[in-house]
Asks: 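First the structure, which I've put down as structure tokens, then a few questions once you've had a look.
Residue numbers run from 1 in the order of the sequence given.
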Amino acid sequence: MKTRITTCLRGIVLLLTAAAIMVFAASCGEAKYEPSAVVLEEDAEKFLTVCVEKADSGKGAFVFENRGEKRIEYGDGNYLEKQIDGEWMGLVQYNQREMTEPSYDLWPGESAEYETEWGDLEEGEYRYVVPFTVIEDEDEAPRQRYCTAARFTI
């Protein structure tokens with residue numbers, strides 16, 4: 001009798017373990033989002049505009065243009081967000097990736113192409129958010145920090 005109970009318990013534990021592994025594996029493919037903490041300033045676009053050159057479920061290409069009269073500094077620490085139920089939600093996997101962040105300069109009147117990969121996105125409305133700094137004077141602080149964004153649909 002004791003052997004049957006032990007065998008039955010082992011079977012139940014094995015079944016529960018297999019079910020837990022299947023649930024975990026199924027959830028790994030889903031994108032995870034968190035509420036956006038990004039604030040887009042209205043006057044940011046008088047300094048920097050971001051235009052979508054092309055965007056699909058796996059990658060995007062953008063054009064950054066310095067529209068102001070001062071040097072702009074930006075990096076690779078940009079954000080990808082999806083509009084879900086009227087709210088902007090950040091894509092956790094993309095936004096929290098670990099990388100050394102170089103900085104790039106964009107002088108007045110200059111534009112630059114920027115490409116990035118984000119994995120396999122599902123259909124929906126997205127925005128690519130670019131934080132940047134307007135450099136007033138090389139030796140002076142504080143510097144003006146802004147965020148601007150470009151919207152696209154997949």
Asks: With sequence neighbours excluded, what pairs up with D105 under the salt bridge (Lys or Arg N to Asp or Glu O under 4.0 Å) test?
Replies: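 Expected list: R71.
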Asks: For residues 45-52, run the donor-acceptor check on the side chains, cut-off 3.5 Å, and write out each pair with its distance to 0.1 Å, sequence neighbours left out.
Replies:
none

Asks: Please lay out, stage by stage, how F62 and V130 fare under the test side-chain contact (heavy atoms from CB on, under 4.5 Å).
Replies: CA-CA 11 Å; F62 302 89; V130 179; over 6 Å; no
Asks: Check residues 147-154 and write down every donor-acceptor pair under 3.5 Å in which the side-chain atom is one partner and the other belongs to a residue at least two apart or another chain.
Replies:
unit_1 : atom_1 : unit_2 : atom_2 : d
T153   : OG1    : E125   : OE1    : 2.8

Asks: Which residues pass the salt bridge (Lys or Arg N to Asp or Glu O under 4.0 Å) test with K70, sequence neighbours left out?
Replies: E136
Asks: Can you list everything that forms a side chain to side chain contact (heavy atoms under 4.5 Å, CB included) with E69? Sequence neighbours excluded, please.
Replies: none
Asks: Is it possible for you to say whether V92 and W88 belong to one hydrophobic cluster, with membership spreading through side-chain heavy-atom contacts below 4.5 Å?
Replies: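 Different clusters.
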Asks: Heavy-atom distance under 4.5 Å between the side chains of N66 and S111, does that happen here?
Replies: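 The answer is no; the side chains never approach within 4.5 Å.
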Asks: In this structure, are over 12 heavy atoms from other groups packed under 6.0 Å from R145 atom CZ?
Replies: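 Counting neighbours around CZ of R145, more than 12 heavy atoms of other residues, nucleotides or ligands fall under 6.0 Å, so yes.
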Asks: Report the C-alpha distance between Y114 and V63 in whole Å, list the side-chain angles of each, state the deciding distance to 0.1 Å, and finish with yes or no for side-chain contact (heavy atoms from CB on, under 4.5 Å).
Replies: CA-CA 6 Å; Y114 187 88; V63 175; over 6 Å; no
Asks: Show me the pairs that pass salt bridge (charged side-chain N to carboxylate O under 4.0 Å, His left out) and involve residues 77-90, at least two apart or across chains.
Replies: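 Applying salt bridge (charged side-chain N to carboxylate O under 4.0 Å, His left out) to every pair that reaches into residues 77-90, excluding sequence neighbours, yields E81-R127, K82-E122.
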Asks: If you round to the nearest 0.5 Å, how far is OG1 of T116 from CG of L80?
Replies: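 Interatomic distance, L80 CG to T116 OG1, rounded to 0.5 Å: 8.5 Å.
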Asks: How far does CD of Q144 sit from CZ of F132, to the nearest 0.5 angstrom?
Replies: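 Between Q144 CD and F132 CZ, I get 9.0 Å after rounding to 0.5 Å.
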Asks: Looking at OG1 of T133 and OH of Y146, how far apart are the two atoms once the value is rounded to the nearest 0.5 Å?
Replies: 10.5 Å
Asks: Which atoms form the tightest heavy-atom contact between D56 and G58, and what is the distance?
Replies: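 The answer is OD1-N, 2.8 Å.
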Asks: Under 30°, 30 to 60°, or over 60°: which ring-plane class applies to Y128 and W118, parallel, tilted or perpendicular?
Replies: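 The arrangement is tilted - the two ring planes meet at 30° to 60°.
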Asks: Working to the nearest 0.5 Å, report the span between OH of Y104 and CZ of F64.
Replies: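 These two atoms lie 9.5 Å from each other.
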Asks: For the OG atom of S57 and the NZ atom of K59, what is their distance to the nearest 0.5 Å?
Replies: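 Result: 9.5 Å between the selected atoms.
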